[in-house]
Amino acid sequence: MSDKKVRIANGQGFWGDSLLGPLRLVEEGPLDYLTFDYLAEITMSIMQKQKSRNPDAGYATDFVGMLERILPTCKKKGIKVIANAGGVNPRGCLEAIREVVEKLDINIKVGIVEGDDILDQLPEMMKAGETFKNLDNGESVETVLDTVSSANVYIGAKPIADALDEGADVVVTGRATDPSVVIGALIHEFGWSMDDYDKLAAGTVMGHIMECGTQATGGNYARWREVEDWVHIGYPVAEASADGSFVITKHENTGGLVDIETVTSQLLYEMGDPQRYLGPDCIADFTSIQLEQDGRNRVRVSNVKGSEPTDTYKVSMSYHNGYKILSSLVVPGPDAVEKAQLIADTIFGRAELLDVKIPEENRFVEFFGNNVCYEGILPPPEQPGEILLRIGAKGTDKKALDTFGREIVPMLLAGPPGLTGFAGGRPRATEIIGYWPALISKHLVQTRVTVESL
Amino acid sequence: MAKMKLFELAIARSGDKGDGSNVGIRANTPQIYDFLVKELTAERVKDHFSRICLGDVERYEIPNLQSLNFILHDSLGGGGTETLKTDAQGKVHGLGLLHMEMDVPSHLTDPARK
């Protein structure tokens, strides 16, 4: 029992990650669980819009397509799949999976976790005393309430473990936290109790290391020259033990690099207060983590300490926050910067002739190629051979922004010589989806688990 | 003393946190970590990013990982979904910090060259 090892991998760092991750993870080595992370803050709002147009939509459709490709192998090898691909419609995702399973002519059990979507309940919850104050700036939610387009609770690992206990081969959640998809598997496998905070914290650390996929195995790593075989870069695999310790590694004969530096780099990613990494099920203390190299491309993680979670869940809301428009032109040298400045001033000036006056604070001008990502750190090059002029604006009037946008491409005929590279033609204003982080009392949130044999 | 860039002493990673970013930096050796704890203050980092970070800089120590974590408030030109900047998520801020030049005691420089 104590020697039992559970192998958990993450094949998806974000919605849009390579198709190769999950495909190679299930084929190229031993695995017990494959997890996927699909949801960013902005994703929920997009999905809510899709669902309002089509009640069957609102989940990560890519996931269903991926399942069709990997399910036969998963079934053969006994690999279970956990994904927060349900978006704002886990039940819709279940129905789509049903079609895939019928097409493949296999039998599996699929579990869904619901209850994180509180958009419809916001008014009654506020009547009951919840304030949903903005965590970043303390503002009252009343100011944006009319334009809120999604509201989801970051739920924990317990309902995922419950679905696995009921025999689910595939578990689909809505807005579960990224580490929860990993912790759910650990609770199910090792029978950890929900007040064993050191173990839950260890699972949190494991989930955090793997949630961005190859960022733990050499991707985005400062010493990139040490990373081998980028084409076949391996995805992170954790070998978990019942005591909470685990080894981060990758499949044999894959590329990339797993060492203390690559794992530490990912531990530092998106870190706030290292002693208080807040999750729905525990608070993890990242200053307790011990790392040691355990052979080539293997890092042992142990000694993780945790404590009791707060009595609130985090809520992520999105709301309409005006519009933005952006386009770019390539300005060749000589005198590229001087010309780019003239072009920018001219575009804003011509928009004014059309009665669109963009106030200074809503204007955006960037001379890419002039060390803009290192502003104030590295001096601009003396005479850049060419500049990408990125020009745009924000505002509340979509039509006005579109009028401004029309004046960008005409600069090819009515500006300094040699302008080119007008990517995408005439730009259009798009909605700015604002992000509103808040808290909710845990007792108001009811998660529901449904497991169906398909 | 030798003038060195942090590139030779440490590695770093950064990403967005609301309308700010975090930059985690790991020293190459425990000795360099002690040096950075003393010298790489929040003020110094704020000064280094003065044109990028318009808010405060907070610093956290993580000795077990030989690392420091900096939160750069108001450093993305609005939140990740609102900003029009190329580096909308502060992905370059880690490399930006590694460009910092420091006066490094000579006894630290040999092990630093990994």
Side-chain angles (χ1 to χ4, degrees), chain A residues 40-42 45 134-137 212 215 220-223 226 260-275 285-291 303 318 321-322 324-326 328 363-366 368 372-378 388 390-394 431-435 437, chain B residues 6-7 10-28 47-53 58 60-71 73-75 77-101 114:
Chain A
E41 277 77 21
I42 192 170
S45 166
N134 188 305
L135 275 180
D136 288 337
N137 57 29
C212 294
Q215 273 205 157
N220 193 17
Y221 176 49
R223 292 198 197 109
E226 293 177 10
I260 288 179
E261 275 77 17
T262 64
V263 171
T264 300
S265 294
Q266 183 51 23
L267 282 169
L268 296 171
Y269 186 67
E270 292 185 337
M271 182 185 271
D273 179 348
Q275 289 187 291
D285 179 359
F286 278 40
T287 67
S288 65
I289 301 169
Q290 293 301 324
L291 300 180
N303 195 51
S318 50
N321 194 20
K324 62 182 175 185
I325 190 164
L326 180 70
S328 61
R363 297 181 179 189
F364 175 79
V365 175
E366 193 179 70
F368 188 86
V372 288
C373 295
Y374 291 116
E375 199 186 346
I377 295 173
L378 295 180
L388 183 73
R390 300 179 76 245
I391 180 165
K394 293 186 200 177
E431 187 183 10
I432 298 176
I433 295 168
Y435 166 59
Chain B
L6 279 176
F7 273 110
I11 56 174
R13 175 162 296 172
S14 60
D16 62 320
K17 279 197 92 63
D19 69 351
S21 61
N22 94 297
V23 181
I25 179 165
R26 172 183 163 93
N28 289 352
D47 193 45
H48 184 70
F49 284 100
S50 60
R51 295 286 299 278
I52 290 174
C53 174
E58 283 178 86
Y60 295 99
E61 296 173 19
I62 315 141
N64 53 317
L65 301 179
Q66 275 170 223
S67 301
L68 295 171
N69 184 34
F70 296 92
I71 312 289
H73 292 282
D74 193 2
S75 59
T81 62
E82 299 177 24
T83 180
L84 297 173
K85 284 179 115 170
T86 294
D87 192 16
Q89 278 92 31
K91 300 264 182 201
V92 189
H93 293 179
L95 296 176
L97 182 57
L98 295 180
H99 274 285
M100 186 191 281
E101 206 167 54
K114 197 182 160 173

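Given the structure is predicted, the values throughout are model-derived calculations rather than measurements. The sequence lines fix the lettering, A, B, ..., with proteins before strands; numbering per chain opens at 1.
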Practice item. Would you indicate whether B/F7, at its atom CZ, is surrounded by more than 12 heavy atoms from other residues, nucleotides or ligands within a distance under 6.0 Å? Key: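 Enclosed.
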Region of [X] that comes under 4.5 Å of a non-hydrogen atom in chain B:
{"X": "A/N321", "answer": "side chain"}
{"X": "A/Q215", "answer": "both"}
{"X": "A/S318", "answer": "neither"}

Are any side-chain N or O atoms of [X] and backbone N or O atoms of [Y], one a donor and one an acceptor, separated by less than 3.5 Å?
{"X": "B/N64", "Y": "A/I289", "answer": "yes"}
{"X": "A/D136", "Y": "B/D19", "answer": "no"}
{"X": "B/N69", "Y": "A/G272", "answer": "yes"}
{"X": "B/N22", "Y": "A/L268", "answer": "yes"}

May I ask you to name which of [options] has the most heavy-atom pairs under 4.5 Å with chain B?
{"options": "A/L326, A/D273, A/L267", "answer": "A/D273"}
{"options": "A/I433, A/L388, A/L378, A/I260", "answer": "A/L378"}
{"options": "A/P437, A/P274, A/A222", "answer": "A/P274"}

Could you look at [X] and say if it's the side chain, the backbone, both or neither that has a heavy atom under 4.5 Å from chain A?
{"X": "B/S21", "answer": "neither"}
{"X": "B/S50", "answer": "neither"}
{"X": "B/I25", "answer": "backbone"}
{"X": "B/H99", "answer": "side chain"}
{"X": "B/L65", "answer": "both"}

Can you see which heavy atom on [X] is nearest to which on [Y], and at what distance?
{"X": "B/N28", "Y": "A/R223", "answer": "OD1-NH2, 2.5 Å"}
{"X": "B/E61", "Y": "A/T287", "answer": "O-CG2, 4.0 Å"}
{"X": "B/L84", "Y": "A/G392", "answer": "CD1-C, 4.2 Å"}

Review point. What residues form a ring pair (Phe, Tyr, Trp, His ring centres under 6.0 Å) with B/F49, not counting sequence neighbours?
Key: B/H93
Distance check, rounded to the nearest 0.5 Å: [X] atom [atom1] versus [Y] atom [atom2]?
{"X": "B/D87", "Y": "A/E366", "atom1": "CG", "atom2": "CD", "answer": "9.0 Å"}
{"X": "A/F286", "Y": "B/I62", "atom1": "CZ", "atom2": "CD1", "answer": "9.5 Å"}
{"X": "B/K91", "Y": "A/Y269", "atom1": "NZ", "atom2": "OH", "answer": "3.0 Å"}

Decide yes or no for [X] and [Y]: does some side-chain heavy atom of the first lie under 4.5 Å from some side-chain heavy atom of the second?
{"X": "A/E270", "Y": "B/D16", "result": "yes"}
{"X": "A/K324", "Y": "B/E82", "result": "no"}
{"X": "B/I52", "Y": "A/I377", "result": "yes"}

Exercise for review: Quick one: which of B/S67, B/G18, B/G90, B/G15 has the most heavy-atom pairs under 4.5 Å with chain A, could you say?
Suggested key: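 Highest number of heavy-atom pairs under 4.5 Å: B/S67.
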Review point. Looking at B/G24, B/G78, B/G77, which has the largest count of heavy-atom pairs under 4.5 Å with chain A?
Key: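 Max contact count across the listed options: B/G24.
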Point to revise | Results of side-chain contact (heavy atoms from CB on, under 4.5 Å) for B/Q66 - residues two or more places apart only | key: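 Once residues adjacent in sequence are excluded, the partners of B/Q66 under the side-chain contact (heavy atoms from CB on, under 4.5 Å) criterion are B/R26, B/P30, B/Y33.
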Review point. Step by step, would you call B/L95 with A/Y374 a side-chain contact (heavy atoms from CB on, under 4.5 Å)?
Key: CA-CA 9 Å; B/L95 296 176; A/Y374 291 116; 3.4 Å; yes
